[in-house]
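Worksheet: one structure, shown below.
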Amino acid sequence: MKQVTVGLGERSYPIWIGCDHLPKLKEALDAVGFPRRIGIITNPTVGALYGERVTAALCAGNRQVHVIQIPDGEQYKTLETLEQVYDTLIDWRFDRSCGLLALGGGVIGDLTGFAAATFMRGIPFVQVPTTLLAQVDSSVGGKTGVNHPRGKNLIGAFYQPRYVHCDVGMLATLPPREYAAGLAEIVKYGVIRDAGFFSWLEREREALLARSPEALEHAVMISCQIKADVVESDENEQGLRAILNYGHTFGHAVETLAGYGVVLHGEAVSIGMVMAARASALLGFGTAGDADRISRLLQSFNLPVNPPDFAVGDYLEVMRHDKKVRDGSLRLVLNHGIGAADLHQADAPDRLLDQLLA
Ligand code: NAD
Ligand code: GLY
């Protein structure tokens, strides 16, 4: 088993990464002093696969467990679903001595985290991420929230979990598209922060495609370590943390224009990263060769890389709501070669998009 720590002073927390180590949940929750009464939030898909095993692990630690199932899908990551969660917690007479456990992918994790941040002005929560994307990205770093019809994740809070339990054994049941979507976020870490890791991904492509537990544990550990380093320096995204949004400005536009749930988040990020890499090359921060290399790796992971054919004006309208916009100006994360990235103001985004979509 591997461990990464997110070092945020008294809000620091461990991430345990292993394979088939669900029984260790008891020990991990005891170690962080997690409440004995726990509400698991999951969906019918993940609940059917792992609900019993997680409940058994918690009950072995004499914990009292309740389960809330919300419908499966990005389209349910809404204030309406959240209200139903609050209703249930109130029915159960949950108070500040209780905690929540997110059992699922990023949708469950983001919504559970926001429920925990806001119920009674904050109760503790832990993440048991069950998708690759959630293990390497959404369960770590404390971004929680729900979507608004006019933009993704527009309602939310920074609120850190007490513990994250990454079991790569749970990824065996993940559908291939969802698995590939997680690989996109892993590639992101190599591009923005670690050229050696990017080369390792190129070399270990086959092992990762075969879901080798050893390769996965390593990839999840390095991804979590990179994310932890960035979050430790800039928890509330005043600067550096924006680099974790590499490919996301274009990606969110693709996701929103296609309609939530049609193009997966990781697929949209894959397309967005190649658009960002091509933009970097056009603006002189990277080269066309870097963009081709990034595109090749993503394609070898069965990910889409070509932007769908929406009008430039439609892309711009969605990108105007990006959280990196300042004083009306769009800012983009651009890679500097492979292994580094920075935030740049986009002076003529319409012209740039014209070139990227040509
Ligand atoms: P998801 O949560 O919708 O899960 C994808 C699908 O896989 C669902 O149908 C789910 O039921 C199923 N599933 C989950 N685990 C499974 C398993 N082990 N076996 C079989 N099926 C399983 O999608 P996701 O890609 O995990 O997360 C996407 C969400 O994460 C988006 O809402 C995105 O905005 C958010 N996100 C948040 C952050 C953050 O920092 N908070 C970062 C990246 C993405
Ligand atoms: N997924 C981007 C972030 O956590 O900042």
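Both ligands and their constituent atoms are indexed starting at 1 by order of listing. Remember, it's a predicted structure, so these values are computed and weren't measured experimentally. In this chain, residues are counted from 1 in sequence order.
- In terms of polar-atom proximity, Lys143 is counted as a contact of ligand 2, with an N or O under 3.5 Å from an N or O of the ligand.
- Looking from atom 4 (O) of ligand 2 to the surrounding protein, the closest heavy atom is Lys227 NZ, 2.6 Å.
- More than 12 non-hydrogen atoms from other residues, nucleotides or ligands lie less than 6.0 angstrom from CZ of Arg96.
- Classified by interplanar angle (parallel below 30°, tilted 30° to 60°, perpendicular above 60°), the ring pair His265/His248 is perpendicular.
- Using a 4.0 Å cut-off between a side-chain N of Lys or Arg and a carboxylate O of Asp or Glu, Asp137 and Lys227 qualify as a salt bridge.
- Ring orientation note: the planes of Phe197 and Trp200 are close to parallel, at an angle under 30° on the 30°/60° scale.
- For ligand 2, none of its N or O atoms has an N or O atom of Asn245 under 3.5 Å away.
- The side chain to side chain donor-acceptor pair (under 3.5 Å) test applied to Gln160 returns Tyr13, Glu235, not counting sequence neighbours.
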Using a 3.5 Å cut-off and no angle test, enumerate the donor-acceptor pairs between side-chain atoms of residues 49-67 and protein atoms at least two apart in sequence or in another chain.
{"residue": "Tyr50", "atom": "OH", "partner": "Met170", "partner atom": "O", "Å": "3.0"}
{"residue": "Tyr50", "atom": "OH", "partner": "Thr173", "partner atom": "OG1", "Å": "2.7"}
{"residue": "Thr55", "atom": "OG1", "partner": "Gly51", "partner atom": "O", "Å": "2.7"}
{"residue": "Arg63", "atom": "NE", "partner": "Pro35", "partner atom": "O", "Å": "3.0"}
{"residue": "Arg63", "atom": "NH1", "partner": "Asp30", "partner atom": "OD1", "Å": "3.0"}
{"residue": "Arg63", "atom": "NH2", "partner": "Asp30", "partner atom": "OD1", "Å": "3.2"}
{"residue": "Arg63", "atom": "NH2", "partner": "Phe34", "partner atom": "O", "Å": "2.9"}
{"residue": "His66", "atom": "NE2", "partner": "Arg37", "partner atom": "NE", "Å": "3.1"}
{"residue": "His66", "atom": "NE2", "partner": "Arg37", "partner atom": "NH2", "Å": "3.4"}

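- The residue from Asp137, Val136, Ile243, Leu244 that puts a heavy atom closest to atom 1 (N) of ligand 2 is Asp137.
- For ligand 2, the polar-atom distance check against His248 finds no nitrogen or oxygen pair separated by under 3.5 Å.
- For ligand 1, the protein residues within 4.0 angstrom (heavy atoms only) are Asn43, Thr45, Val46, Leu49, Tyr50, Asp72, Glu74, Lys77, Gly105, Gly106, Val107, Asp110, Thr130, Thr131, Leu133, Asp137, Ser138, Lys143, Lys152, Asn153, Met170, Thr173, Leu174, Pro175, Glu178, Lys227, His265.
- For the side chain to side chain donor-acceptor pair (under 3.5 Å) test, no residue two or more places apart in sequence or in another chain qualifies with Glu27.
- When ring centroids are compared, Tyr163 and His165 come within the 6.0 Å threshold.
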